[in-house]
Amino acid sequence: MDFIFPEILEGWPLSFVMESLLYTLPAEPELPEFCELWCAVAGMLLGLELPMLKGRSRLQYAEEKKISAWDIDMVGEEKKDVHAKERHMYEFGPSIQEAMFRAVNFESEWDIRQLKTYLKKEQIRSEEFFYLLAKANIIGSRFQEADALIRQLGKSSPRGKKGAEVLREMLKWGIVMADEPEEGRGLFRGNGMPPISQTYVRNAPKIGRNDPCPCGSGKKYKKCCGKS
């Protein structure tokens with residue numbers, strides 16, 4: 001993806017960068033990969049320092065000016081055909097793209113609720129929107145909401161059905177991880193795989209040296225079974 005850096009540094013909006021990138025690929029990526037690509041490219045546009053902002057990133061400039069980074073020439077023209085299954089995530093308005101990015105990357109429940117309301121109000125059918133919103137719900141442990149979105153996506157195109165299969169696997173792992181002790185959880189991202197290692201979880205409370213010995217002798221633990 002190095003070749004798109006000049007375009008990003010020149011201030012190209014997300015839609016232009018995405019279309020330029022997709023033009024170089026031999027085939028359109030599958031739905032999960034496409035959505036991950038949108039997240040990755042959006043993150044670069046937000047975080048890279050830009051000459052047009054005098055060496056500041058969009059995030060840094062937005063913080064200084066108390067505005068949204070997504071309003072700094074971040075997106076192109078919004079696509080008006082809101083009911084198309086093929087509508088790309090980068091063709092939505094800046095506020096919707098920002099909400100989706102925050103929902104997926106920062107587990108923002110407020111943004112998830114806003115997106116859910118927008119989905120119903122505008123009758124959105126975009127497969128990318130469904131996929132990303134379902135993933136955000138899985139990450140946020142909103143499993144019933146995720147399952148409903150996955151079911152709808154599974155009734156869509158062959159591309160949508162493949163995306164729904166990936167999400168179902170993520171949902172299974174999400175439910176498994178939610179049942180783990182808090183210390184042992186590691187929320188997955190990206191490919192949906194669980195963490196390789198788990199934090200050790202103590203099965204019983206730690207016994208202090210001055211606590212009563214659990215053997216029932218009446219002595220302090222350090223004077224009884226806790227002797228070295």
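- By the 6.0 Å contact criterion, NZ on K162 is open, its count of non-hydrogen atoms from other residues, nucleotides or ligands being 12 or less.
- Side-chain atoms of E128 do not come within 3.5 Å of backbone N or O of C35 as any donor-acceptor pair.
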Chi angles and distances behind the side-chain hydrogen bond (donor to acceptor under 3.5 Å, both in side chains) call for E49, S57: CA-CA 4 Å; E49 297 174 345; S57 69; over 6 Å; no

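- The neighbour count for E63 CD, taken as heavy atoms of other residues, nucleotides or ligands under 6.0 Å away, does not exceed 12.
- We find that E109 and K116 are not joined by a salt bridge, their nearest charged nitrogen and carboxylate oxygen being 4.0 Å or further apart.
- Geometrically, R159 engages F34 in a cation-pi contact, judged by NZ or CZ lying under 6.0 Å from the ring centre and within 45° of the ring axis.
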Before giving the answer on side-chain contact (heavy atoms from CB on, under 4.5 Å), spell out for E19 and Y90 the whole-Å C-alpha distance, their side-chain angles and the decisive distance to 0.1 Å. CA-CA 10 Å; E19 289 173 358; Y90 61 76; 3.4 Å; yes

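- E169 and K172 are joined by a salt bridge, as a carboxylate oxygen and a charged side-chain nitrogen come within less than 4.0 angstrom of each other.
- A side-chain donor-acceptor contact under 3.5 Å links E98 and S68.
- In this structure, the separation between CZ on F101 and CG on L14 is 9.5 Å, given to the nearest 0.5 Å.
- Around the CD atom of Q144, the shell of radius 6.0 Å holds no more than 12 heavy atoms that belong to other residues, nucleotides or ligands.
- Annotation: cation-pi pair R87/F129 absent, no NZ/CZ under 6.0 Å from the ring centroid and within 45° of its normal.
- No hydrogens or angles considered: a donor-acceptor pair under 3.5 Å links the side chains of E127 and S156.
- You'll find the side chain of F143 stays beyond 4.5 Å of the side chain of N137, heavy atoms only.
- Screening M52, R58, K54 against R56 for a side-chain contact (heavy atoms from CB on, under 4.5 Å) leaves a single residue, K54.
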